[in-house]
Colleague: 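This is the structure I have questions about; it appears just below.
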Amino acid sequence: MDTQPVATQIGFDEFVAEHEPQLRRALVARLGMDRGREALTEALLYAWRHWDRVATMDNPVGYLYRVGTSRAPIERLAPSLTDRTRSARPEPWAEPQLEPALDLLSENQRVAVVLRHSFEWTYDEIAELLDISVSTVRNHLNRGLEKLRQSLEVDPS
């Protein structure tokens, strides 16, 4: 049985319908497929339990992103962006060496690169999610792309 009032539940349901894909993509980009989805569950559960507070925030998606990353289950090994051996629905990748190359990036570089170039997020959207400036997003993107080029031995020209 739901413990939230109906009006609160409707606001939460609308929020989830609108923002769940964005939050899921960001958490998967940061934590990998399985941990990202578990973190999404934790973040949305937190949002449900504290909806009266979350609903009034200026940046609820960014806040829930941080909740999800802090409550994500800890793994012994570094996360992989896509773990094809455990995931029932692996994401398709065109370049087989992309996954290991992405795993070499810092978390913020990986999140910025994947969200910008895979999901076409704007610099402003990434900055808001990560709670950093747009210029810092540019730095993460530039450094991340340079590391990817080096790792994949790609000439940018």
Side-chain angles (χ1 to χ4, degrees), residues 12-48 54-55 57-157:
F12 176 79
D13 291 345
E14 290 171 352
F15 174 83
V16 170
E18 182 177 345
H19 297 290
E20 182 275 339
Q22 179 184 29
L23 184 59
R24 176 176 27 86
R25 289 174 181 144
L27 289 168
V28 166
R30 175 145 187 193
L31 300 170
M33 191 70 69
D34 293 334
R35 286 182 64 216
R37 288 182 176 153
E38 290 175 24
L40 173 68
T41 301
E42 290 292 330
L44 292 177
L45 179 61
Y46 180 91
W48 173 252
V54 172
M57 292 179 175
D58 290 335
N59 183 7
V61 174
Y63 183 81
L64 293 175
Y65 172 79
R66 289 183 290 287
V67 168
T69 57
S70 69
R71 294 179 177 221
I74 298 171
E75 287 192 352
R76 291 182 202 145
L77 301 174
S80 176
L81 188 60
T82 60
D83 185 348
R84 292 181 180 92
T85 61
R86 292 186 300 161
S87 179
R89 294 180 38 197
E91 297 292 326
W93 293 102
E95 168 57 50
Q97 294 305 311
L98 183 59
E99 179 183 344
L102 284 168
D103 288 341
L104 296 174
L105 303 181
S106 73
E107 289 179 348
N108 284 341
Q109 288 172 352
R110 184 173 54 248
V111 169
V113 168
V114 170
L115 294 180
R116 177 72 186 128
H117 294 286
S118 294
F119 299 112
E120 300 178 350
W121 284 31
T122 66
Y123 289 88
D124 290 334
E125 290 170 329
I126 297 167
E128 184 177 7
L129 175 82
L130 296 176
D131 196 26
I132 57 178
S133 69
V134 171
S135 64
T136 303
V137 170
R138 282 192 184 94
N139 287 337
H140 287 311
L141 282 168
N142 290 337
R143 291 177 184 148
L145 289 172
E146 181 57 33
K147 284 183 184 178
L148 285 175
R149 286 183 192 108
Q150 289 174 358
S151 180
L152 297 171
E153 299 176 354
V154 174
D155 183 11
S157 54

Colleague: Nearest 0.5 Å, what's the CD-CZ distance between Glu20 and Arg25?
Modeller: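 Output value for this atom pair is 8.5 Å.
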
Colleague: How many angstroms lie between CD in Glu42 and CG in Leu27, if you round to the nearest 0.5 Å?
Modeller: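 Taking CD in Glu42 and CG in Leu27, the distance rounds to 11.0 Å.
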
Colleague: Quick one: does Ile132's side chain get under 4.5 Å of His140's, heavy atoms only?
Modeller: yes

Colleague: Can you tell me if Gln22 uses its side chain to pair, donor with acceptor, with the backbone of His19 under 3.5 Å?
Modeller: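 It does not hold such a pair.
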
Colleague: Test side-chain contact (heavy atoms from CB on, under 4.5 Å) on Val114 and Trp121; report intermediate values, then the result.
Modeller: CA-CA 9 Å; Val114 170; Trp121 284 31; over 6 Å; no

Colleague: For Val67, does its backbone N or O pair with a side-chain atom of Ser70 as donor and acceptor, under 3.5 Å?
Modeller: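 Yes; at least one donor-acceptor contact below 3.5 Å.
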
Colleague: Taking all heavy atoms of Leu31 and all of Ala39, pick out the closest pair and write down the distance.
Modeller: CD1-CB, 3.6 Å

Colleague: If the condition is side chain to side chain donor-acceptor pair (under 3.5 Å), which residues does Tyr46 pass it with, not counting sequence neighbours?
Modeller: Arg53, Tyr63

Colleague: If you measure from CG on Leu141 to NE2 on His117, what distance do you get to the nearest 0.5 Å?
Modeller: 5.0 Å

Colleague: Name the residue from Leu44, Val28, Val16 that meets the side chain to side chain contact (heavy atoms under 4.5 Å, CB included) definition with Leu23.
Modeller: Leu44

Colleague: Does Arg30 reach the main-chain N or O of Arg110 with its side chain, forming a donor-acceptor pair under 3.5 Å?
Modeller: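 No; zero donor-acceptor contacts below 3.5 Å.
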
Colleague: With a cut-off of 3.5 Å and sequence neighbours excluded, list every side-chain donor-acceptor pair involving residues 124-131.
Modeller:
residue	atom	partner	partner atom	Å
Glu125	OE1	Thr122	N	2.8
Glu125	OE1	Thr122	OG1	3.4

Colleague: About how many Å separate CD of Gln97 and CG of Leu148, when rounded to the nearest 0.5 Å?
Modeller: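 Here the interatomic distance stands at 12.0 Å.
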
Colleague: Looking at every heavy atom in both Pro21 and Ala17, which two are closest together, and how far apart are they?
Modeller: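 That closest heavy-atom pairing would be CD-O, 4.1 Å.
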
Colleague: Kindly write out the residues that satisfy salt bridge (Lys or Arg N to Asp or Glu O under 4.0 Å) with Arg149, not counting sequence neighbours, or none if the list is empty.
Modeller: Glu146

Colleague: Does a side-chain heavy-atom distance below 4.5 Å link Leu145 with Val113?
Modeller: yes

Colleague: How far does CG of Leu64 sit from OG1 of Thr69, to the nearest 0.5 angstrom?
Modeller: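 Here the interatomic distance stands at 10.5 Å.
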
Colleague: Give the minimum heavy-atom separation between Ser151 and Ala101, together with the two atoms involved.
Modeller: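 So the minimum-distance heavy-atom pair works out to OG-CB, 3.5 Å.
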
Colleague: Quick one: CH2 on Trp48 to CG on Asp13, what's the gap to the nearest 0.5 Å?
Modeller: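 Interatomic distance, Trp48 CH2 to Asp13 CG, rounded to 0.5 Å: 6.5 Å.
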
